[in-house]
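In what follows, a structure is listed as structure tokens, so that the remarks can point back to it.
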Amino acid sequence: MDFNSCTTSRVSNILFLFLLLLLCCSPLLVQSRIRHYKFNVVMKNYTRLCSTKPIVSVNGKYPGPTVYAREGDTVLIKVANHVGYNLSIHWHGIRQIRTGWADGPAYITQCPIPPGQSYVYNFTVSGQRGTLFWHAHILWLRATVHGALVVLPKLGVPYPFPKPHHERVLILGEWWKSDTEAVINEALKSGLAPNVSDAHTINGHPGPSPACPSSSSSGYTLSVAPGKSYLLRVINAALNEELFFKIAGHKLTVVEVDATYVKPFKTDTIVIAPGQTTTAVLTADKRAGKYMVAASPFMDTPVVAVDNVTATAMLRYTGTLSSARTTFTWAPPRNATPIANAFTAALRSLNSEEYPARVPRTVDHSLFFTIGLGVNPCPTCKAGNGSRVVADINNVTFVMPTFALLQAHYFKVKGVFTTDFPANPPAPFNYTDSAAVAAMNPGTSKGTRLYRLAYNARVQLVLQDTGLIAPENHPVHLHGFNFFVVGRGVGNFNPKKDPKSFNLVDPVERNTVGVPSGGWVAIRFQADNPGVWFMHCHLEIHTTWGLKMAFLVENGKGPNESLLPPPKDLPKC
Ligand code: C2O
């Protein structure tokens with residue numbers, strides 16, 4: 001509001017009108033704000049596990065700064081690229097309604113920001129609240145370029161659970177002693193899997209580690225006061241590993257995942273895949289003491305190598321003597337599938353009057369996508385014996401374009417993509433039977449193929465893991481939408497029998513879902529957001545190998561149903 005306008009002779013009249021306006025509109029004025037952030041992407045030397053290396057960072061921090069907004073706010077983040085890599089940043093889980101230009105995946109919704117240039121991500125948060133995160137969406141830069149994105153409820157709107165006294169962000173990550181770009185480039189040259197990380201991290205710290213016995217760092221400390229409650233915003237920002245998270249001697253009450261409220265339930269272990277977020281209430285119900293916090297890998301495919309080092313942090317009650325001994329907790333074994341299943345099965349949408357689960361009852365598109373690995377010839381891959389591991393959806397290994405798909409769509413640039421992505425696998429087979437799978441040709445086809453949806457189309461998508469090479473858990477992330485996880489099972493999806501047991505009442509709503517090893521999940525969503533929306537496995541190595549595709553959602557006919565025009569500073573390819 002501009003106070004300088006009151007300079008005419010009829011000052012009092014204007015003042016009166018102004019006050020009236022202020023009175024009427026004040027609830028609106030305080031309700032939504034514009035939040036400005038500045039992200040300077042710079043190289044920074046970081047020491048972890050007895051080694052120092054330069055990392056790509058936002059504002060010199062690892063993890064990067066937390067972005068706070070309230071539901072309804074507009075967020076403007078100026079990202080200035082001061083490093084030698086092309087760059088883009090994704091606001092993971094933000095729906096970006098009509099603002100796909102601000103979504104961030106490089107070559108999908110934008111050309112990357114070249115070194116020396118900047119781009120302002122401009123979006124409004126609507127219809128969602130909770131814990132999300134942001135991360136680089138190009139190369140493997142996400143390893144160190146990530147941070148929390150916290151969407152608070154609108155001013156005056158309470159949480160649907162007792163308000164905890166305090167809030168804390170806990171970001172889980174993976175740390176390589178060497179440069180992560182070198183790690184993936186090496187792997188791509190060989191055709192084989194990349195080296196696993198050297199440590200997991202909790203808020204940037206691995207804790208005392210066998211990889212660095214001399215390290216004096218006890219890791220991250222979560223300080224708590226006896227009797228107080230804490231809202232823990234847990235984020236898995238790791239590149240390639242699903243994680244178990246637990247705190248010795250304490251139970252956690254899960255209240256929200258992927259920025260949607262769930263029916264609260266108590267657990268001693270959280271299971272969280274890359275791309276997922278879990279918000280839980282911790283009650284500091286002890287009088288004093290130190291309690292171990294642990295993050296360890298979940299991987300139930302024996303042949304897949306994992307970084308088996310547990311990251312540890314410490315929950316410390318204020319006033320506890322430093323000589324006090326720490327209460328220890330075991331990490332679950334890496335193949336603790338029952339623990340993972342129990343956690344997943346407990347997740348249900350809150351489905352209250354304020355927060356109803358709007359599950360599509362009928363569907364316009366019934367899609368069946370197989371997801372998994374494959375092998376293609378690679379004459380230069382010596383270590384891979386002339387072949388390379390790839391990944392695919394419905395046998396299509398997605399080829400990244402060199403021009404952004406959203407621009408190509410908006411400006412009608414021909415030749416960048418096709419819209420013939422198959423709704424079903426080209427040749428059905430017994431996806432999870434090991435003998436049938438062993439007899440399969442593991443080769444894949446290549447293409448930049450999209451699946452076209454009309455505005456508001458209702459979609460059911462069954463994601464079926466294949467046992468090709470090895471069955472594996474795949475955390476599949478969809479940009480631009482939340483979806484409901486209506487069904488889940490082991491083995492092959494049965495289109496006759498399985499839909500009968502779908503939960504269309506209170507299924508969990510999220511943006512990233514774990515497809516179980518050798519099993520399937522069924523999701524439903526409504527395509528109420530025009531644009532080009534990436535879908536991929538959030539294990540970075542699987543994305544790199546081609547486990548990705550995109551949906552093209554057409555504009556609707558109504559006044560607010562079209563993709564907005566691109567911003568002036570949108571980077572060029
Ligand atoms: Cu969090 Cu496309 O990713």
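Residues take their numbers from the sequence shown, with the count starting at 1. Hydrogens, waters and symmetry mates are skipped; everything else that's a heavy atom, side chains included, is used. Please read all numbers here as calculations on a predicted model, not as lab measurements. For ligands, and for the atoms within them, numbers begin at 1 and follow the listed sequence.
Between H137 and F534, the ring-plane angle classifies as tilted under the 30° and 60° cut-offs. Ring-plane geometry between F525 and F481 is classed as tilted, the angle between the planes lying from 30 to 60 degrees on a 0 to 90 degree scale. Ring geometry for H538 versus H135: interplanar angle over 60°, hence perpendicular rather than tilted (30 to 60°). Using bins of under 30°, 30° to 60° and over 60° for the plane-to-plane angle, the ring pair F123/W91 lands in the tilted bin.
H479 contributes NE2 as its N, O or S atom closest to atom 2 (Cu) of ligand 1. Per residue H92, closest N, O or S atom to atom 1 (Cu) of ligand 1: atom name ND1.
Computed with atom 1 (Cu) of ligand 1 at the centre, the H135 NE2 to H538 NE2 angle is 110°, stated to 10 degrees.
For a distance bound of 2.8 Å, the N, O or S atoms of H137 include none lying that close to atom 1 (Cu) of ligand 1. H477 lies apart from atom 1 (Cu) of ligand 1 in this respect, since none of its N, O or S atoms is found at a distance under 2.8 Å.
Ion pair R35/D73 flagged as a salt bridge, since at least one NZ, NE, NH1 or NH2 atom sits closer than 4.0 Å to an Asp/Glu carboxylate oxygen.
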